[in-house]
Amino acid sequence: MALTFKCDLVMIPAVIFFLAMLTSVEVVVTSNDMSYYDPSPLTAHDASAGIDQSATLRCQLRTGAHNRGWYVITWQRINADGNRTSLVNLPFRQKIPEWSKDIPPSLQSRIQPVITVQPNHVEFNLHIRNVSCADEGQFRCIAITPQGEIISTAELNVVAEPTKPDIINTYIPKMEHGMITLECKANTGLPPRMLLWYYKEQEADYFSILNDQNDIVEETDGCLVLSTRTVDVIISAQSRGTRFRCGYRGYIQKPGLYDEIVYSHEETAPQMGEVRVEPKLASPCEGPMCQNDGNSSQDNQKPNGGATSSMTCTNQALYLLVTSFYVTHFFIGLFGSCDH
């Protein structure tokens, strides 16, 4: 005799949970996979934060008759190699968290467990201060109840705004037909955004992506990425007025998120500023022996005026020296004749 069962949609969640308990299957619930039919009483939530900011990983356990108020909650970190590290526990009937012995004090000082107990649920959250790139990754909230072990995963995402792209080329030299390599650098943020080269001809209405762009070269600083994108473009007289723009896909019109250079077909290499060295002025002759040659004092400050003053001063000094020589010999001869 065949047995038939009539099952309403309302009974499906209860049937799924009942079968899971009979087969001792571990119920794993991620924060991105919750639905009306999810029987798990445990829920963890993702969080995002910028570098040096704060983030809170939330874990909520529904309490009631199904677990008779008995539970133990644990937070774990899933490492890059897949291994798990226990961070902190919330023991049964205790409201003081217990850190795992392998967690260094420096990490404990940045992570503050926050416990909230309500009649129908309990929250065991992790408030993380001074978020760094090393904090990014997956975490597991594990609840042990009379029904067994329940796991919910959450992910901490470190985010950073991209910087304005910087075109390394300062100008495009004039050429009738030739090729030039355009280079652009930017910190593409977290998660990294796609850095691309675009162009817009003088009569065009919109920007288009340049073809055959070279692969991005990336340098990492922690979890931040410095990207360099180059492209080889052919330049000719017909390229006059073409605008070459380096920016992020979907943001090439947003101020602060692109840089551009325009080919004018007239621009040449920037010239170094001409440095004019003024000749050093001769010191003007001063004193009663200097003669005024008819030039004003302002003219004497000019190069030619300074040279004239210098010559006048030299001649006067030579005249004084010769005159002193003859006067001295005159008196020597005079006094010598008196002695005889």
Side-chain angles (χ1 to χ4, degrees), residues 32 46 48-53 55 80-81 131-138 155-275:
N32 297 324
D46 296 341
S48 299
I51 296 176
D52 295 330
Q53 295 181 354
D81 57 4
V131 171
S132 67
C133 295
D135 296 324
E136 187 173 57
Q138 285 191 333
E155 189 161 350
L156 176 60
N157 299 301
V158 179
V159 297
E161 290 297 320
T163 61
K164 178 182 178 181
D166 181 26
I167 296 177
I168 305 303
N169 310 74
T170 56
Y171 75 104
I172 300 178
K174 179 180 178 179
M175 58 182 69
E176 296 303 324
H177 187 82
M179 180 177 292
I180 186 173
T181 300
L182 301 178
E183 181 178 353
C184 177
K185 292 178 177 289
N187 188 325
T188 52
L190 288 173
R193 296 184 181 179
M194 179 63 69
L195 190 66
L196 289 171
W197 276 101
Y198 299 81
Y199 76 100
K200 180 182 177 183
E201 296 178 343
Q202 192 169 16
E203 303 299 329
D205 296 327
Y206 53 87
F207 281 91
S208 301
I209 297 178
L210 280 167
N211 295 325
D212 302 325
Q213 301 190 29
N214 299 318
D215 293 337
I216 289 180
V217 178
E218 295 183 345
E219 302 175 29
T220 58
D221 180 12
C223 57
L224 299 178
V225 178
L226 177 64
S227 298
T228 301
R229 172 79 82 173
T230 59
V231 63
D232 300 321
V233 296
I234 297 176
I235 299 295
S236 66
Q238 288 71 33
S239 304
R240 184 195 305 268
T242 299
R243 297 161 64 185
F244 298 95
R245 179 171 291 188
C246 178
Y248 302 105
R249 185 191 296 272
Y251 295 89
I252 63 169
Q253 301 290 355
K254 187 173 182 179
L257 291 181
Y258 67 83
D259 193 11
E260 73 172 27
I261 188 171
V262 181
Y263 179 62
S264 64
H265 196 62
E266 297 177 355
E267 191 173 1
T268 57
Q271 300 295 325
M272 296 295 292
E274 181 181 355
V275 180

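Basis for what follows: all heavy atoms, side chains included, without hydrogens, waters or symmetry-related copies.
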Distance, nearest 0.5 Å, that separates [atom1] of [X] from [atom2] of [Y]:
X: I261; Y: L182; atom1: CD1; atom2: CG; value: 6.5 Å
X: I167; Y: D259; atom1: CD1; atom2: CG; value: 4.0 Å
X: Q202; Y: T242; atom1: CD; atom2: OG1; value: 7.5 Å
X: N187; Y: S227; atom1: CG; atom2: OG; value: 8.0 Å
X: K174; Y: S239; atom1: NZ; atom2: OG; value: 13.0 Å
X: I216; Y: L196; atom1: CD1; atom2: CG; value: 6.5 Å

So, for [X] and [Y], which heavy atoms are closest and what is the spacing to 0.1 Å?
X: G256; Y: K164; answer: O-CB, 3.2 Å
X: Y206; Y: S208; answer: CE1-OG, 3.6 Å
X: P192; Y: V225; answer: CG-CG2, 4.2 Å
X: A55; Y: A49; answer: CB-CB, 3.6 Å
X: H177; Y: S236; answer: ND1-CB, 4.1 Å
X: V159; Y: S48; answer: CG1-CB, 4.4 Å

Taking CD1 in I168 as the centre, count heavy atoms belonging to other residues, nucleotides or ligands within less than 6.0 Å. Is the count above 12?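 Yes, CD1 of I168 has more than 12 neighbouring heavy atoms, counting only those of other groups under 6.0 Å.
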So [Y] and [X], do their side chains get closer than 4.5 Å, heavy atoms only?
X: I51; Y: L224; value: yes
X: H265; Y: E176; value: yes
X: Q53; Y: V131; value: no
X: D232; Y: D212; value: no
X: P162; Y: L257; value: yes
X: F244; Y: W197; value: yes
X: Y263; Y: R243; value: no
X: E260; Y: V262; value: yes

Taking N214's backbone N and O only, do any of them form a donor-acceptor pair with T230's side chain (distance below 3.5 Å, no angle check)?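 No, T230 side chain to N214 backbone: no donor-acceptor pair under 3.5 Å.
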Say whether, by atom type as modelled, one donor and one acceptor occur between the side chain of D46 and the main chain of E155 under 3.5 angstrom.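 Side chain of D46 to backbone of E155: a pair is present.
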Give the C-alpha distance, both sets of side-chain angles, the deciding distance and a yes or no for side chain to side chain contact (heavy atoms under 4.5 Å, CB included) between L156 and E136. CA-CA 5 Å; L156 176 60; E136 187 173 57; 5.7 Å; no
Holding to side-chain contact (heavy atoms from CB on, under 4.5 Å), I want the full list of residues that pass it with I252, two or more places apart in sequence or in another chain.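 With neighbours one apart ignored, the set is Y198, F207, R245.
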Which residue, D166, V231, L195, forms the side chain to side chain contact (heavy atoms under 4.5 Å, CB included) with C246?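 Going through D166, V231, L195 one by one, the side chain to side chain contact (heavy atoms under 4.5 Å, CB included) with C246 is satisfied by L195 alone.
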Y248 and side chain to side chain contact (heavy atoms under 4.5 Å, CB included): which single residue from K254, R193, M194 fits?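 Filter result, single survivor: R193.
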Stepwise side chain to side chain contact (heavy atoms under 4.5 Å, CB included) test for R249 and I209: CA-CA 9 Å; R249 185 191 296 272; I209 297 178; 4.2 Å; yes
